[in-house]
Every structure is written in structure tokens, then in C-alpha cells.
Amino acid sequence: MWRMVLRKVAGALAGFGALLLGGGAALAHPHVWVTVRAEVVYAPDGRVSSIRHAWSFDEMYSTFLSQGLDKNGDGKFSREELSELAKINVESLSDQNYYTVAKANGKPVAVAPPVDYWLEGDAKRLTLNFTLPLAAASAPKIFGLEVYDPSFFVAFAMEEGDAAMAVTGAPKGCATTLTRSKSPDAVAAGGSSSLSESFFQALGAGSNAGGQFANRLLVACP
Amino acid sequence: MSLEASLPAGDRRPGPGARTILVALVALAVAAGLLWLVSLFIGGAAAPGPPARSPFGVGPREAVATGGGGLAGWLLAVQGDFYRRLSGALRAAREDGSALWSLVLLGFAYGAFHAAGPGHGKAVIAGWIVASERALHRGVSLAFAAALLQALVAIGLVLVMSLALGATAQAMTGAANVVEIASFAALALLGLALLPRKARRLAALLDPPSRRAIQAGPACDHYHGPDPASLERQQGFADLAGVVVAAGARPCSGAVILLVFALAQGMLAAGVAAVLAMALGVALTTSAVAALAVLAKGAALRLASGRGRGGLLAGAALETLAAALLATLGAALVAGLWSAGAQA
């Protein structure tokens, strides 16, 4: 009996500590800026088979991540030198469900752990590539993909240009629509006023605040 | 029943030591209950939050605000903006020495706003003030010492790990986690060291005055050992050091990342200047919290002072509870880290 009570108390304390360290409806200011490129890959039978991500980190975080990893000192980072870091990156991202929300006909689809991942680039711009397999049962009429961090710790923005979110192998006649969150550079250049205003409104709108800053791709098929 | 009745009334009461332990345990239970209630309250509206570890697996963890109304959102927006501008200012300072001033100003502003957000440091200093302190200047010096320690830990961490050892982000994160768990343990120890002293006073007050008069015989004047005043001074210094370590030893992830970046840009001195300016901003905000705690405690004591024994009891109970809260908070943070580590 005492042991059970003690265990309960210890559990409650651990829960509270975890909460303080970062649980609950928690928010942080962005510490990492990520420029996203994503590709929705269709299988020949019309199902969505996977999502290919290529995420580039901002310069400050790229420098932090890549420090000490140029093992042979040639001033460049090979995939081998970065492989251990890439593994840590994708394994940790599973806690966040890869910041990826995939929906088939409006219903969330589970993503499997990354099958293929690597880091490339330099201390100015490190890019994390990984492929998330999808377990979709049938070919969706509407497929949606969102990339965002509800806690704001990571600020996601889509790359400039049409390649930001691409669709590969989709059935004939499918149409795509792209909605961008504000690019972090535009936000920084625009000054704090524009950021705080939209931030304010988004936060007032409810718990899914980060979702309002989502980068969203919709693929509608006949 | 008859046997019990035949015993002298006083003998059935626990002795002074046992009473102190009882009071301390009750205070700990109340503190744990309070924290649990708070966690229920905060956790009730929970949406999926950021991780207890960095989302990319490396980089120091960041304390996060819970809830997040309009004010919290605005604070986050301002911080994010300042933080983002720091890297640009650092690069500008390389080309133009006069840009160093804007870098230092940005660091200061970032620190002041960042400290207004979540973090256990303010809770530690406020809790300590409620438990043991009345002087404003002491609260402010604690705030400044803790902020300076935080900056020095970040600078030391980056200098030793990055410059001397050529460490990776992973190794640096590991070292930061060790410092972090040590600072949380220091908090738990501080609370546990403080609690028996506060509990003893409260237990003595709870004792009926007649009984105390009997106990406090002439033998009590006979005291061997170090002079009490110097003992108290030593104790006081150890306590204050504990407060500073518990509140300030955990490095700020923004500062660590900025320093690594500054080092890579060959701008270490500018990075150090920015981080010290950050500490000044943090100290300013934390001082405001410390001043609030001093004022609140002063008001509570004034309210209680006219009420004789009841007022004294209320004051002692408040101090005991604050000590128990510090201990419980430290234990909760260590346990949270441990359970997060176990999941990882």
C-alpha cells in the first residue's frame, strides 16, 4: 500500500517535472528556422506511398549542429561525417511525429519511421533529407500535407519557388494547391510588428495556434 | 484507555525532534499537493507540446511557457525576433566595429524579454525570498549573481567543449544536461537543508507556551561548539551559493548556440559581450520578480504581525511551506529529467 502511494507520488512529481521541462500546451520562441522542401510520392495504383522531406536549417543552428564533425579536417562535411547526427535528428523527430500531418480525405494517416535519411551541406546551410513511408489504405480523392510546429520552437517556412512542395507520380488530372506560412526571413525583414500581430491573432485563436502557420499542400484528384 | 489516561498528558505527545519531522513531512505533502494541482490545472488544457529533449536530438533543452495567452504570445514573438536578429548583428559587427553596440543592445533586450518568459530561476529566487529573506538588496544581488553565473556557464561550456575539446553538438548537449541535472539537484538539496530549520521553528511555535517554558531550562544556555553567529554566517553563505547555483547554473540554449556561431565566425569576443549583455537583461527582469516577492512577503508579515501567536504561526508556516516547495520543485525537475531520459 505504502509502496503504491510512494510510486503514485513519484509519478506525479515526475509528471510535473516533465511538464515544467516542456509538456502541456507549451510554447517557446523559435530557436530553429527550417526551410522546407517536401515531395508527395504516389504509387502506380494511386495511393500515396511516401513523403520526401528536405529541411534546411538556418545558419546559426547549422553551425551549432555541425561543430566538431569535420573529422578529417578537409573543410567539408561528407555524408559519413554527418551520418551519426542525421540518425539522432530523425530518431528525436519521432517524438514530434516529424512535424508532419498527412491527411487522406480529411482523415489523418499515420507515418512510419524514416527509411532513408542523410544530412548534407555545410555550416552555413545544413539540409536533413528523410523519407516518411505512409500506410494509406486506398487512393485518396484529397490528400493534404502540413508541416508545422505547434509549439513554435521550430519555425518552418517553405522554400521559394514551385519546387517547395512537389507531387510525383500522381494520377492524371490531379490539381495541387499550396499555402505558405510567412517565410521567416520576410518576417525578420518586416520587423517585429507584423510578426507580433499575426502571432497574437493566431495564439488567441486556440490551442492549435501553430497550425495557423502551417505550410499546407492539398492534392485533389478526380 | 485507563492506562493512557493515567499517563501524564505531555508524555503522549511526540518529542520536539519527532514533531519537527512531522511538520516537515506535512509541509512536503502540502507542497507536492500544490504542485500536483498546478500541473493538473496547466495540463488540463494540454495540446501536444514541445519535447523534454530538443526536437533534433541535440542542443540544450528549452524551458517552455505553458498556456500562452496574448501576453505570452507577444513575449514569444518579440524574443524570436530579437534572437533571429542576433546572428545578423554578429555578422555586421565583423565588418563594422560600431555594429557591436547594436549587438550588445539586442542581447540585453533579448535577455530581458526571455527572462520574462518561463524558467525555474525566478521561482527559485522568489521561493527563497519567501522562505528566508526580507531585504530587497539581497534579492536583487541574488538575481544578478544567478544571471551572471548562467552567462559564465554558457561561456565556459562553449570555450571548454568547443575550443579545447573540439566537441560535437551531441557532446555539448550531454555536458549541458549534466550541469542542468546538477542545478536541479542543488535546488532539491537547498530546500531539504532549509526545511528542517523552518520546520523546527514552526514545531516550537505549535507547542503550547507552558510546555516550552519547562523545556527551556538553564541547560540550554550551555552551548558547546562554534560561536552561533559565525555558524549562522557560514550557513547563510552556503544557502546563498545554493540559491545562485539552483537558479543560474542551467545554461540558456540561445546563448550556447549564439556562442558557437560567434566562435565559428571568429567573433568570440563579440559573442561573449552579447551573452554578458543578455545576462544583464535577465538580471533586470529577475530583480523585478525578486522585488515583487520581497514586497509580497513584507505585506504578508505586516498583516500577520498584529495578531500575536497566530501571526507568528502564519509567518513560520509560510516560510516552512516555501522551503518545502523548493525541495519538491527540485525533486520534480530531477524526476522529470530522469523520466524524459528513460523515454529517450
Side-chain angles (χ1 to χ4, degrees), chain A residues 9-10 12-33 58-61 63-69 84-85 88-89 91-93 95-97 99 123 128 149-155 184 187-188 191-192 195-196 199-200 202-204 207-209, chain B residues 32 35-36 39 42-43 45-59 61-70 72-74 76-81 83-85 87 120 162 166-171 253-254 257-258 260-261 264 328 331-340:
Chain A
V9 168
L13 279 181
F16 182 74
L19 195 78
L20 284 179
L21 292 166
L27 300 164
H29 80 74
H31 282 69
V32 182
W33 280 262
D58 65 282
E59 185 177 353
M60 202 150 51
Y61 202 63
T63 305
F64 178 78
L65 279 181
S66 60
Q67 64 176 313
L69 289 180
E84 196 184 344
L85 178 62
I88 294 170
N89 285 166
E91 279 174 0
S92 306
L93 278 169
D95 287 358
Q96 308 304 313
N97 212 21
Y99 295 120
L128 177 67
D149 175 7
S151 74
F152 295 109
F153 186 86
V154 185
V187 169
S192 61
L195 174 63
S196 23
F199 223 93
F200 237 147
L203 286 166
S207 59
N208 192 23
Chain B
L35 289 191
W36 182 63
S39 75
I42 300 172
R53 52 179 173 164
S54 162
F56 299 104
V58 287
R61 221 184 316 269
E62 182 67 6
V64 286
T66 33
W74 180 75
L76 290 175
V78 171
Q79 285 170 46
D81 193 39
Y83 181 66
R84 181 88 172 145
R85 283 161 195 262
S87 61
H120 73 293
S162 193
T168 61
Q170 199 187 345
S253 57
I257 293 174
L258 181 76
V260 170
F261 181 63
T328 323
L333 286 167
V334 172
L337 263 193
W338 181 78
S339 72

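A, B, ... follow the sequence lines: proteins, then strands. Residue 1 opens every chain.
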Visitor: Angle between ring planes, His31(A) versus Tyr83(B), binned at 30° and 60°: parallel, tilted or perpendicular?
Guide: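 It falls in the tilted class, 30° to 60°.
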Visitor: Could you check which of Ala171(B), Ala264(B), Ala167(B) has the highest count of heavy-atom pairs closer than 4.5 Å to chain A?
Guide: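 Maximum pair count with chain A is reached by Ala167(B).
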Visitor: Looking at Leu128(A), Asn89(A), Asp58(A), Asn97(A), which makes the most heavy-atom pairs under 4.5 Å with chain B?
Guide: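 Counting heavy-atom pairs under 4.5 Å, the top option is Asn89(A).
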Visitor: Flag the one option from Leu85(A), Thr63(A), Leu69(A), Leu65(A) with the top tally of heavy-atom pairs under 4.5 Å to chain B.
Guide: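 Answer, by heavy-atom pair count under 4.5 Å with chain B: Thr63(A).
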Visitor: Quick check on Glu84(A) against chain B: is it the side chain, the backbone, both or neither that has a heavy atom closer than 4.5 Å?
Guide: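 Only the side chain of Glu84(A) comes within 4.5 Å of chain B.
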Visitor: Parallel, tilted or perpendicular: which fits the ring planes of Tyr61(A) and Phe56(B), with parallel below 30° and perpendicular above 60°?
Guide: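 Because their plane-to-plane angle lies in the 30° to 60° range, the rings of Tyr61(A) and Phe56(B) count as tilted.
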Visitor: I'd like to know if the side chain of Gln96(A) reaches the main chain of Leu93(A), judged simply by a donor and an acceptor atom lying under 3.5 Å from each other, with no hydrogens or angles considered.
Guide: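 No, Gln96(A) side chain to Leu93(A) backbone: no donor-acceptor pair under 3.5 Å.
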Visitor: How long is the straight-line distance from OG1 of Thr328(B) back to CG of Leu333(B), given to the nearest 0.5 Å?
Guide: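 Reported value, rounded in 0.5 Å steps: 10.5 Å.
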